[in-house]
Amino acid sequence: QVQLVESGGGLVQPGGSLRLSCAASGRTFSSYAMGWFRQAPGKEREFVATITRSGGPKSYAGSVKGRFTISRDSAKNTGYLQMNSLKPEDTAVYYCAAGRYSGTDDAYDYWGQGTQVTVSS
């Protein structure tokens, strides 16, 4: 089992930045790829970004490419999502997940509880 806890969400103005963290405990986090997904009210959960076990290859949704950066620190068993140039349409609950390197949520076995990000003036 892997337990994941997200933090770092909040209210930010358009154009601002936030860094989300995903703290892992339990089985070795470094054995899994890590992904970030988000779900806005009334919408399906959607892929945001993913990173391999090694922290090498990364993949992003087109809507966040160039603005968001995914990373991980295996020594700290923590993953991150740096979000810059935030837009109102980025407002959602953000979830981290551990599993296989993929842009689809069915590849991930473990999920955090989510953290709310609200982009508004």
Side-chain angles (χ1 to χ4, degrees):
Q1 290 286 337
V2 175
Q3 292 79 42
L4 302 172
V5 179
E6 302 95 335
S7 61
L11 173 64
V12 63
Q13 292 187 341
S17 298
L18 281 175
R19 188 176 80 156
L20 305 184
S21 298
C22 175
S25 60
R27 292 186 64 182
T28 307
F29 183 51
S30 59
S31 298
Y32 299 94
M34 183 189 74
W36 286 94
F37 291 77
R38 67 186 182 186
Q39 187 167 20
K43 294 188 176 181
E44 298 281 320
R45 185 165 59 189
E46 66 174 2
F47 167 72
V48 175
T50 185
I51 187 169
T52 60
R53 294 181 297 172
S54 66
K58 306 170 186 177
S59 179
Y60 297 91
S63 59
V64 307
K65 193 174 293 184
R67 299 189 297 123
F68 291 11
T69 302
I70 190 171
S71 62
R72 65 191 300 167
D73 184 335
S74 294
K76 295 183 178 179
N77 261 8
T78 302
Y80 304 97
L81 185 68
Q82 177 67 42
M83 305 186 296
N84 298 330
S85 301
L86 282 161
K87 305 175 181 180
E89 51 263 44
D90 294 318
T91 295
V93 177
Y94 283 71
Y95 299 90
C96 70
R100 292 184 292 109
Y101 182 68
S102 173
T104 60
D105 57 7
D106 60 1
Y108 295 86
D109 300 310
Y110 304 102
W111 292 83
Q113 83 291 347
T115 186
Q116 177 70 47
V117 172
T118 302
V119 185
S120 174
S121 55

Indicate yes or no: at least one non-hydrogen side-chain atom of [X] is less than 4.5 angstrom from one of [Y].
X	Y	value
Arg38	Val64	yes
Leu18	Phe68	no
Asp105	Trp111	yes
Leu11	Ser120	yes
Thr91	Gln116	yes
Tyr108	Thr50	yes
Tyr95	Val48	no
Met83	Arg67	no

Tell me, please, which residues at least two apart from [X] pass side chain to side chain donor-acceptor pair (under 3.5 Å).
X	answer
Thr104	Ser102, Asp106
Ser17	Asn84
Ser54	Thr52

[atom1] of [X] to [atom2] of [Y]: how many Å apart, nearest 0.5 Å?
X	Y	atom1	atom2	value
Ser25	Leu4	OG	CG	7.5 Å
Ser21	Arg19	OG	CZ	5.0 Å
Lys58	Ser71	NZ	OG	6.5 Å

Residues in ring pair (Phe, Tyr, Trp, His ring centres under 6.0 Å) contact with Tyr60, at least two apart in sequence or another chain: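 Applying ring pair (Phe, Tyr, Trp, His ring centres under 6.0 Å) to Tyr60 gives none.
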Test side chain to side chain contact (heavy atoms under 4.5 Å, CB included) applied to Gln3 and Gln1, step by step: CA-CA 7 Å; Gln3 292 79 42; Gln1 290 286 337; 3.5 Å; yes
Disulfide (SG to SG under 2.5 Å) contacts in which one or both residues fall within residues 36-117, not counting sequence neighbours: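 Matches after skipping sequence neighbours: Cys22-Cys96.
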Give a yes or no on whether [X] and [Y] share a hydrophobic cluster (residues Ile, Leu, Val, Met, Phe, Trp, Tyr; joining criterion: side-chain heavy atoms under 4.5 Å apart).
X	Y	value
Leu86	Ile70	yes
Tyr32	Trp36	yes
Phe37	Met34	no
Phe29	Tyr110	yes

Flag if over 12 foreign heavy atoms under 6.0 Å of CD, Glu44: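 Counting neighbours around CD of Glu44, 12 or fewer heavy atoms of other residues, nucleotides or ligands fall under 6.0 Å, so no.
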Minimal non-hydrogen separation, Val93 against Gly114, with atom names: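 Shortest heavy-atom contact: CG1-CA, 3.8 Å.
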Contacts of type side-chain contact (heavy atoms from CB on, under 4.5 Å), residue Lys76, not counting sequence neighbours: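 side-chain contact (heavy atoms from CB on, under 4.5 Å) check on Lys76 returns Asp73, Thr78, Tyr80.
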Side chain Glu6, main chain Gln113, donor-acceptor under 3.5 Å: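 Yes, the answer is positive, given that a donor and an acceptor are paired below the 3.5 Å cut-off.
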